[in-house]
Amino acid sequence: PYSIVDLAPDRVMLEYTVTEGVRAIVAEIDVKGPTKTREASIRRFFAFKQGDVLTPALIRRTQRDLYATGAFSEVAIHHEPMAGSNPDARKVTVRVTEARPLLMIYGIGFSTDEGPRGLLQLTDTNLFGRANSLSLRMRGSFREELVQLQYTDLRIFSSAWAATVSAFYDRNSNLRTFVQRKLVTGGTAPNNGPGFGIDRFVAFLQAERKFSDVTSLRFRYSFESSKLFNVQNIPLEEIARNETAIRLGLFAAGLTRDTRNSALNPTKGHLISAEHSIAARPFGGNEAFNKFFTNYQRYYELAQTTPVLRDTVLAFAARIGLAAPFNIRGSGPNGTITEADRQLPISQRFFAGGATTLRGFRFEEAGPQGILEPRNADELPTLVPLGGDAMIVLNFELRYPLTKQLRLVPFYDFGNVFRKISDISFGGMTNTIGLGLRLNTPIGPVGIDYGFLLDPPSFTSATGIILKQPRGVIHIRFGQTF
């Protein structure tokens, strides 16, 4: 109930009378419904214990965490008074319905960066009745083949930390274009030999703590062994030191805050993530470097009352990567340090360009370039992307609704990849303007973009020929740019 007190001719004060309800004190917790899952494994996820004051927030958190395991299709929590002298005492009943433990996910897609691609994932969401998961994931395209085995325990040692142990093998031949030399008559020189790419084996252990629905902290140790294959097809000095296997022992720490209303097609909220990693020889590798990467995404939907632009989504993304080696060991004569030694291994450098970064470039073709000089009169100098130790990418989009399912997307991309951190400069940035379409489908948005590079970088070959990137590129993909 409330009462109204007049204060002035046009002002009043509302006085509310609040009567507190009876507290619900957890006196007993009963678990019902499991047939396979161990009761102790279920109790690890309870946000309340005996003696706690039961609140709706604690009930929601417990349901959320149990659903997150994937082991349960339904979680119902209710409480009732208990006989005795304490009127606040409650018996809490947690009733679960177990989901089918075996899950198969498959899909196909297409991107102008990778061509057709497929995905198959097999998961047991309730391994040995402990509400832990084990999954086998396979992904393939004309450029890449990946096989990954992963085990996850969302309550390691009954703590609030989640642990993941994973190992994967990735064979990436997306550098095949590196060996396709351009011809004077147009097109590229025939290449019947195998392409140039990277074999990677990675194993990692990660611990993550969620402090809320939107904020999480993670620590990770990983061991990686990578080796370039068919390097004889690209005789560039900067890649020479990567011909031998590169081993990395790496520790990383990262923080993420995600308030987006959808991970697939967000219209409001933001994503902030930052991660710093350090590779050192005592950690099991043969390289030493620091590497930092941060990602910020912001989405804002204009109100329906906005003239002309109602329901338009303004989207912005910023990605910054910085890295530098330390304790450098020379690979030149008598152990001298070469310029290539001062950079990260090519498998660890930053690359940009393509449908999800700088759309004025083809896939990963922004930034520093090597030049394949002609071997005969029929060939032209050919640019070779080398990546760099620093990257800055800014994306601006305006997603304007033409219909309920179709949006027109003008965009502007700004940034570049730089050989070293000290090379970063405003004048070294590239500018891309473009226009795209987004079609919402049952499997997510499908996009097509045309990016026009306003200031394509130029490079000069040993024979004085000036080489420039093409100005216009078309990109097609499933999903949003960011």
Side-chain angles (χ1 to χ4, degrees), residues 64 67-68 70 73 99 103-123 125 133 135-146 148 150 174 213-214 256-273 295-302 310-319 352-359 362-364 393 395-411 413 434-451 473-482:
R64 178 203 66 191
Y67 279 127
S73 60
L103 177 67
M104 181 173 69
I105 299 174
Y106 57 91
I108 58 174
F110 177 83
S111 167
T112 49
D113 293 340
E114 296 185 69
R117 54 186 176 180
L119 169 71
L120 175 63
Q121 181 172 320
L122 303 174
T123 303
T125 58
S133 66
S135 64
L136 173 66
R137 185 179 185 220
M138 293 173 284
R139 186 181 69 204
S141 68
F142 290 148
R143 295 179 179 271
E144 181 183 23
E145 301 84 42
L146 180 142
Q148 181 176 18
Q150 181 166 299
N174 66 0
D213 292 343
V214 299
T256 298
R257 178 174 174 82
D258 188 355
T259 65
R260 297 174 298 173
N261 60 345
S262 168
L264 183 64
N265 190 16
T267 59
K268 60 181 65 175
H270 66 254
L271 168 67
I272 305 173
S273 67
N295 177 29
Y296 176 71
Q297 300 173 13
R298 182 73 171 93
Y299 307 89
Y300 180 78
E301 186 174 27
L302 300 180
R310 67 176 187 175
D311 294 330
T312 295
V313 176
L314 304 179
F316 167 74
R319 280 160 280 188
T356 59
T357 51
L358 298 174
R359 284 162 284 186
R362 295 192 180 99
F363 183 57
E364 295 189 345
V393 174
N395 306 103
F396 304 83
E397 287 192 352
L398 188 150
R399 302 171 183 173
Y400 176 77
L402 297 175
T403 67
K404 186 176 181 180
Q405 302 297 330
L406 186 65
R407 288 181 179 260
L408 182 69
V409 183
F411 62 85
D413 297 340
L435 194 64
L437 291 172
R438 302 289 185 276
L439 177 64
N440 289 328
T441 71
I443 60 174
V446 177
I448 178 171
D449 290 330
Y450 175 77
V473 182
I474 294 177
H475 303 282
I476 301 174
R477 76 190 169 281
F478 287 96
Q480 295 284 7
T481 307
F482 54 89

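Any value given below was found using the heavy atoms of this structure, including those in side chains, with hydrogens, waters and symmetry copies removed. This one's a predicted model, so the numbers in the text were calculated from it and none came from an experiment.
- When all heavy atoms are compared, the tightest approach of Gly444 to Leu264 is CA-CD2, 3.8 Å.
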Let's go through Gln480 and Arg438 carefully: what are the C-alpha distance in whole Å and the side-chain angles of both, what is the deciding distance for side-chain contact (heavy atoms from CB on, under 4.5 Å) to 0.1 Å, and is it a yes or a no?
CA-CA 8 Å; Gln480 295 284 7; Arg438 302 289 185 276; 3.0 Å; yes

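- Side-chain contact check for Leu119 versus Tyr106: every heavy-atom pair is 4.5 Å or farther apart.
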Would you sort out whether Arg359 and Glu397 count as a salt bridge (charged side-chain N to carboxylate O under 4.0 Å, His left out), showing the intermediate values?
CA-CA 12 Å; Arg359 284 162 284 186; Glu397 287 192 352; 2.7 Å; yes

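- To the nearest 0.5 Å, atoms OG (Ser273) and CD (Gln297) are separated by 7.5 Å.
- For the residue pair Ser141 and Pro116, the shortest heavy atom distance occurs at CB-O, 3.3 Å.
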Run the side-chain contact (heavy atoms from CB on, under 4.5 Å) check on Leu437 and Leu408 step by step: do they pass?
CA-CA 5 Å; Leu437 291 172; Leu408 182 69; 3.8 Å; yes

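- Here the CD1 atom belonging to Ile272 is positioned 10.0 Å from the OG1 atom belonging to Thr256, to the nearest 0.5 angstrom.
- Between the OG1 atom in Thr267 and the CG atom in Asn265 there is a gap of 7.5 Å [rounded to 0.5 Å].
- Annotation: side chain of Arg319 is in contact with side chain of Thr357 (closest heavy-atom distance under 4.5 Å).
- Across every non-hydrogen atom of Thr125 and Ser133, the tightest pair is CA-CB, 4.1 Å.
- Distance CD1/Ile105 to OG/Ser135: 9.0 Å, rounded to 0.5 Å.
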Start with the C-alpha gap between Tyr300 and Phe316, add the side-chain angles, then the distance that decides, and say whether side-chain contact (heavy atoms from CB on, under 4.5 Å) holds.
CA-CA 9 Å; Tyr300 180 78; Phe316 167 74; over 6 Å; no

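- Counting only heavy atoms from C-beta outward, the side chains of Leu398 and Val409 never approach each other to under 4.5 Å.
- Nearest heavy-atom pair across Tyr299 and Pro266 is CZ-CG, 3.4 Å.
- Of all non-hydrogen atoms in Leu435 and Phe411, the two that sit nearest each other are N-CE2, 3.3 Å.
- Put simply, the side chain of Ile448 reaches to within 4.5 Å of the side chain of Ile474, judged on heavy atoms.
- We find the CD-CZ distance between Glu144 and Arg117 to be 9.5 Å, quoted to the nearest 0.5 Å.
- Tested against Leu271, the residues Arg260, Arg257, Arg298 include a single side chain to side chain contact (heavy atoms under 4.5 Å, CB included) partner, Arg260.
- Leu402 CG: more than 12 foreign heavy atoms inside a 6.0 Å radius.
- Separation of atoms CG (Leu136) and CG (Leu122) is listed at 5.5 Å; rounding is to 0.5 Å.
- Arg477 forms no cation-pi arrangement with Phe110, by the criterion of a distance under 6.0 Å to the ring centre and an angle within 45° of the ring axis.
- Cation-pi geometry between Arg399 and Phe482 is satisfied (NZ or CZ under 6.0 Å from the ring centre, within 45° of the ring normal).
- Salt bridge Asp311/Arg407: absent, no basic N to carboxylate O contact under 4.0 Å.
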Tell me, with the steps shown, if Leu314 and Leu302 meet side-chain contact (heavy atoms from CB on, under 4.5 Å).
CA-CA 8 Å; Leu314 304 179; Leu302 300 180; 4.2 Å; yes

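- Between Thr481 and Ala355, the shortest heavy-atom contact is CG2-O, 3.4 Å.
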